[in-house]
K.L.:
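Following this message is one structure expressed as structure tokens.
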Amino acid sequence: MTTDRIPKTDKELWQSLSTGPVASDAVPGTVSDMDFAAWLEGRLSETQSAHIEAAVAANPEMRLAAMELADILGMPLPAAPARMAVRAQALVGFEVERRVANRGWLAGLLDVFAMPRAVMAAATVIVAISGFMLGGGLGESYAQEKVASTTQVVSLTQTQQTNELTSFFTSDGI
Amino acid sequence: MSDLNQIDLRALAVGNKRTWDQFVLASTALINAVVRRSLSTYRLSEEDVMDAAQDVYVRLCANDYRLLKTYDPARAGLSTWLAVVARSSAIDHARRRRQSTTPIDDVPETALAVEDRHVEKLKIPEGLLTERQTLILKYLYDEERDVAEIAQLLKIDAQTVRSTHHKALLRLREHFKEESS
């Protein structure tokens, strides 16, 4: 970095002057982060820049901030400690967690009462279904019913045929 | 490490976890550098630096990402805006920390003393210098910055800084010469 020698007399002249009123009259208010960033990137119009430059000239902290930020933004950055990223990432949860966290107190209250009942209902349904499955299920019972009715019809037909033959032989037909 | 410019800002502002993680990975180097530089004069511990950096992220996602939503990509790059936010957040953190930890008895008396110098200064009339001229003179003489630094900050040539400085001094000399005569 080059260091330019400024004539001492110029410096003395400047130091004998009070610059307060110039700057304070020109600063209408505070500078937003967005405006300051736009100024640092040189994206503002001349009028907008003049407003920020007046504010920066009036405020030593802003002058320091501008210098430091311009310096940092213009150089390669060293890597940050890994735990800095880990801690920051933990600030935002997954979608499901956020949805649960956003639920109101009423939903929470309902959960307190509804949860045990839902568990009981689920357990009952599981017991009923497993019992039914152990018993063969709906298909098995239907099949049994069907077989039973078919056997009944067959036996009924056979009985009828037997009766007819017997009556044929015992009748005068032969 | 992903690039800050590739971050989906809409997804970030609605709290998308993956986008947030990418954003954090892309921004920690910058935030770390800004926070460390900002806190360098406060002589704080490594844990304070970590807490100050965490504060920056807390600010960004607090109140449903209110601060993050104020960022306008049309006006400045995300890294520049983040650097500005990180610096002000770090300074706030350091001030809070110092207020809560340093008893008044520990502060040297010289630091609290107010210098009573009755030096009458000449007032620069309003409009005599432009804002840029005033700023350049302040950087050169009040803060003793060199021309190259000022040129880098203002995104202008070093020669422009020199000529602005020269014109400003000519105006001042002319004005006060007229006044004295």
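To find a chain, count down the sequence lines: A is the first, B the second, and so on, and within it residues start at 1.
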K.L.:
To the nearest 0.5 Å, how far apart are CG in A:L91 and CZ in B:R59?
P.N.:
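Those atoms lie 14.0 Å apart.
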K.L.:
So, B:D51 and A:R87, do they make that salt bridge, N to O below 4.0 Å?
P.N.:
yes
K.L.:
Are B:R145 and A:E68 ion-paired here, with the side-chain N under 4.0 Å from a carboxylate O?
P.N.:
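No, this pair does not count.
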K.L.:
Indicate the atoms forming the closest heavy-atom contact of B:A29 with A:P78, along with that distance.
P.N.:
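The pair with the smallest heavy-atom distance is CB-O, 3.6 Å.
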K.L.:
Counting only heavy atoms from other residues, nucleotides and ligands, does the tally under 6.0 Å from CD of B:E46 exceed 12?
P.N.:
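Counting neighbours around CD of B:E46, more than 12 heavy atoms of other residues, nucleotides or ligands fall under 6.0 Å, so yes.
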K.L.:
Who among B:G77, B:C61, B:A86 has the most heavy-atom pairs with chain A under 4.5 Å?
P.N.:
B:G77
K.L.:
Tell me, side chain or backbone of B:A151 under 4.5 Å from chain A's heavy atoms, or both, or neither?
P.N.:
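When you check distances to chain A, no heavy atom of B:A151 falls under 4.5 Å.
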K.L.:
Within a strict 4.5 Å, meaning less than it, do heavy atoms of the B:L154 and A:E53 side chains meet?
P.N.:
yes
K.L.:
Search all heavy atoms of A:L73 against all heavy atoms of B:A83 and return the closest pair with its distance.
P.N.:
CD2-CB, 4.1 Å
K.L.:
Between B:V85 and A:F36, does the side chain to side chain contact (heavy atoms under 4.5 Å, CB included) criterion hold? Intermediate values first, please.
P.N.:
CA-CA 10 Å; B:V85 169; A:F36 196 52; over 6 Å; no
K.L.:
Please round to the nearest 0.5 Å and tell me the distance separating atom CD of A:E41 and atom OG of B:S79.
P.N.:
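Answer for the CD-OG pair, A:E41 versus B:S79, is 6.5 Å.
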K.L.:
Could you tell me which portion of B:T70 (side chain, backbone, both or neither) has an atom closer than 4.5 angstrom to a non-hydrogen atom of chain A?
P.N.:
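Backbone only.
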K.L.:
Just by distance, do the side chain of B:W20 and the backbone of A:A88 share a donor-acceptor pair under 3.5 Å?
P.N.:
yes
K.L.:
By a 4.5 Å heavy-atom criterion (distance strictly below it), what part of B:V56 contacts chain A: side chain, backbone, both, or neither?
P.N.:
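Neither part, no heavy atoms under 4.5 Å.
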K.L.:
Do you know which two heavy atoms are closest between B:A76 and A:A38, and how far apart they sit?
P.N.:
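Nearest heavy atoms, B:A76 then A:A38: CB-N, 3.8 Å.
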K.L.:
Would you find a donor on one side and an acceptor on the other, under 3.5 Å apart, between the side chain of B:K17 and the backbone of A:Q89?
P.N.:
yes
K.L.:
How many angstroms lie between atom OG1 of B:T80 and atom CE of A:M34, to the nearest 0.5 angstrom?
P.N.:
8.5 Å
K.L.:
What I'd like to find out is whether the side chain of B:W81 reaches to under 4.5 Å of the side chain of A:L40, using heavy atoms alone.
P.N.:
no
K.L.:
Are any side-chain N or O atoms of A:R63 and backbone N or O atoms of B:L135, one a donor and one an acceptor, separated by less than 3.5 Å?
P.N.:
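Here the side-chain-to-backbone pair does not exist.
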K.L.:
Of the listed residues (A:S49, A:A65, A:G74, A:P81), which shares the most heavy-atom pairs with chain B below a 4.5 Å separation?
P.N.:
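When all of A:S49, A:A65, A:G74, A:P81 are compared, A:A65 has the most.
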K.L.:
Is there a path of hydrophobic side-chain contacts, each under 4.5 Å between heavy atoms of I/L/V/M/F/W/Y residues, joining A:M84 to B:V24?
P.N.:
no
K.L.:
In the structure I gave you, are the side-chain heavy atoms of A:I52 and B:E131 within less than 4.5 Å of one another anywhere?
P.N.:
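Answer no - side chains too far apart.
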K.L.:
Mind checking the CZ-CH2 spacing from B:R75 to A:W39? Nearest 0.5 Å is all I need.
P.N.:
14.0 Å
K.L.:
Would you mind reporting whether B:R36 and A:I72 have side-chain heavy atoms less than 4.5 Å apart?
P.N.:
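No, too far: nothing below the 4.5 Å cut-off.
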K.L.:
Excluding sequence neighbours, so at least two apart, what forms side-chain contact (heavy atoms from CB on, under 4.5 Å) with B:R173?
P.N.:
A:T9, A:D10, A:L13
K.L.:
Rounded to the nearest 0.5 Å, what's the gap from CG on A:L77 to OG on B:S27? Could you check?
P.N.:
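The CG atom of A:L77 sits 11.0 Å away from the OG atom of B:S27.
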K.L.:
Under the side chain to side chain contact (heavy atoms under 4.5 Å, CB included) criterion, do A:V92 and B:Y57 qualify, and how do the steps go?
P.N.:
CA-CA 10 Å; A:V92 172; B:Y57 287 108; over 6 Å; no
K.L.:
Do B:K138 and A:V56 have side chains that get closer than 4.5 Å, going by heavy atoms?
P.N.:
no
K.L.:
Do A:D33 and B:Y71 have side chains that approach each other closer than 4.5 Å (heavy atoms only, starting at C-beta)?
P.N.:
no
K.L.:
Is it true that B:Y141 and A:L64 fall in one hydrophobic cluster, defined by side-chain heavy atoms closer than 4.5 Å?
P.N.:
no
K.L.:
Around atom CE of A:M75, are there more than 12 heavy atoms from other residues, nucleotides or ligands closer than 6.0 Å?
P.N.:
yes
K.L.:
Under 4.5 Å between any side-chain heavy atoms of A:L69 and B:R37, yes or no?
P.N.:
no
K.L.:
If I take atom CG from residue B:L169 and atom CH2 from residue A:W14, how far apart are they, to the nearest 0.5 angstrom?
P.N.:
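B:L169 CG to A:W14 CH2: 8.5 Å, rounded to 0.5 Å.
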K.L.:
Top residue by heavy-atom pair count (under 4.5 Å) with chain A, among B:M50, B:E144, B:K155?
P.N.:
B:M50
K.L.:
State, to 0.1 Å, how close A:A79 and B:N32 come at their nearest heavy-atom pair, and which atoms those are.
P.N.:
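Reported closest heavy-atom pair: O-ND2, 3.9 Å.
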